[in-house]
Amino acid sequence: QVQLVESGGGLVQAGGSLRLSCAASGRTFNNYAMGWFRQAPGKEREFVASISWGGGSTYYADSVKGRFTISRDNAKNTVYLQMNSLKPEDTAVYYCAADYHRGVVTTLSDYWGQGTQVTVSS
């Protein structure tokens, strides 16, 4: 089992920045690809970003490329999502995910956190 706990969400004005953190406990963190999804009210959960187990490969949704950066610190069992130039359409609950079998997180990933709310005001 892997437990994931997100933090860092909050309310920010458009154009501002937030950094989300996801702390993992349980099995060996660096065996897992990690990443983030988000879900806005009335919408399906969508992929945001993913990072491979060693951090050498990263993937982003087109909607966040150039604004968001995913990183991980395997010594701290933590993955981060730095979000810059935030827009109102980034408002959502952000979920951390861990995937042992694939090199990227998907909706089928093994473990999920409870989510953290990000609200961007215009």
Side-chain angles (χ1 to χ4, degrees):
Q1 281 280 39
V2 174
Q3 292 77 42
L4 303 174
V5 179
E6 302 98 333
S7 62
L11 174 64
V12 64
Q13 288 188 333
S17 298
L18 283 174
R19 188 176 81 155
L20 305 184
S21 300
C22 173
S25 60
R27 294 192 175 182
T28 307
F29 177 73
N30 58 8
N31 286 343
Y32 290 80
M34 300 294 297
W36 297 87
F37 275 71
R38 67 187 182 186
Q39 188 166 18
K43 295 187 177 181
E44 293 188 353
R45 192 171 294 192
E46 66 172 358
F47 172 79
V48 175
S50 187
I51 187 166
S52 59
W53 66 269
S57 297
T58 56
Y59 311 90
Y60 296 94
D62 288 343
S63 58
V64 306
K65 277 182 184 176
R67 300 188 298 122
F68 291 10
T69 303
I70 190 170
S71 61
R72 66 189 295 162
D73 185 339
N74 286 346
K76 295 183 178 179
N77 288 359
T78 302
V79 63
Y80 304 98
L81 185 68
Q82 178 66 44
M83 306 186 295
N84 298 329
S85 302
L86 282 161
K87 305 175 181 179
E89 51 263 44
D90 294 318
T91 295
V93 177
Y94 283 69
Y95 296 92
C96 178
D99 198 297
Y100 182 77
H101 301 284
R102 308 166 186 86
V104 62
V105 297
T106 74
T107 54
L108 301 177
S109 288
D110 306 273
Y111 302 103
W112 293 83
Q114 293 299 306
T116 185
Q117 176 71 46
V118 172
T119 303
V120 184
S121 64
S122 57

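Numbers here simply count residues along the sequence, with the first being 1.
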To the nearest 0.5 Å, what is the distance between [atom1] ([X]) and [atom2] ([Y])?
| X | Y | atom1 | atom2 | answer |
| --- | --- | --- | --- | --- |
| T78 | L4 | OG1 | CG | 10.5 Å |
| Q13 | S121 | CD | OG | 5.0 Å |
| N77 | N30 | CG | CG | 8.0 Å |
| Q1 | D110 | CD | CG | 10.0 Å |
| S52 | R102 | OG | CZ | 15.5 Å |
| T58 | R72 | OG1 | CZ | 12.0 Å |

Qualifying residue for side chain to side chain contact (heavy atoms under 4.5 Å, CB included) with F29, from D73, N74, V2: N74
Without placing hydrogens or testing angles, list every side-chain donor-acceptor pair under 3.5 Å for residues 44-51, not counting sequence neighbours.
| unit_1 | atom_1 | unit_2 | atom_2 | d |
| --- | --- | --- | --- | --- |
| E46 | OE2 | R38 | NE | 2.6 |
| E46 | OE2 | R38 | NH2 | 3.1 |
| S50 | OG | M34 | O | 3.2 |
| S50 | OG | V105 | N | 3.0 |

Q114 backbone acceptor or donor facing E6 side chain under 3.5 Å: yes
Under 3.5 Å: donor-acceptor pair, side chain of Q82, backbone of R19: no
Contact list for residues 65-105, test ring pair (Phe, Tyr, Trp, His ring centres under 6.0 Å), sequence neighbours left out: Y32-Y100
Give me the atom names and distance for the closest heavy-atom approach of [X] to [Y].
| X | Y | result |
| --- | --- | --- |
| T91 | A40 | O-CB, 3.6 Å |
| P88 | A14 | CD-CB, 4.1 Å |
| D99 | S109 | OD2-OG, 2.8 Å |

Side-chain heavy atoms under 4.5 angstrom apart, residues restricted to Ile, Leu, Val, Met, Phe, Trp, Tyr: same cluster for [X] and [Y]?
| X | Y | result |
| --- | --- | --- |
| F37 | L20 | no |
| Y59 | M83 | no |
| V93 | V120 | no |

Heavy-atom check, side chain of W36 versus side chain of C96, under 4.5 Å: yes
Side chain to side chain, I70 and V79, heavy atoms closer than 4.5 Å: yes
Which residues share a salt bridge (Lys or Arg N to Asp or Glu O under 4.0 Å) with R67, sequence neighbours left out: D90
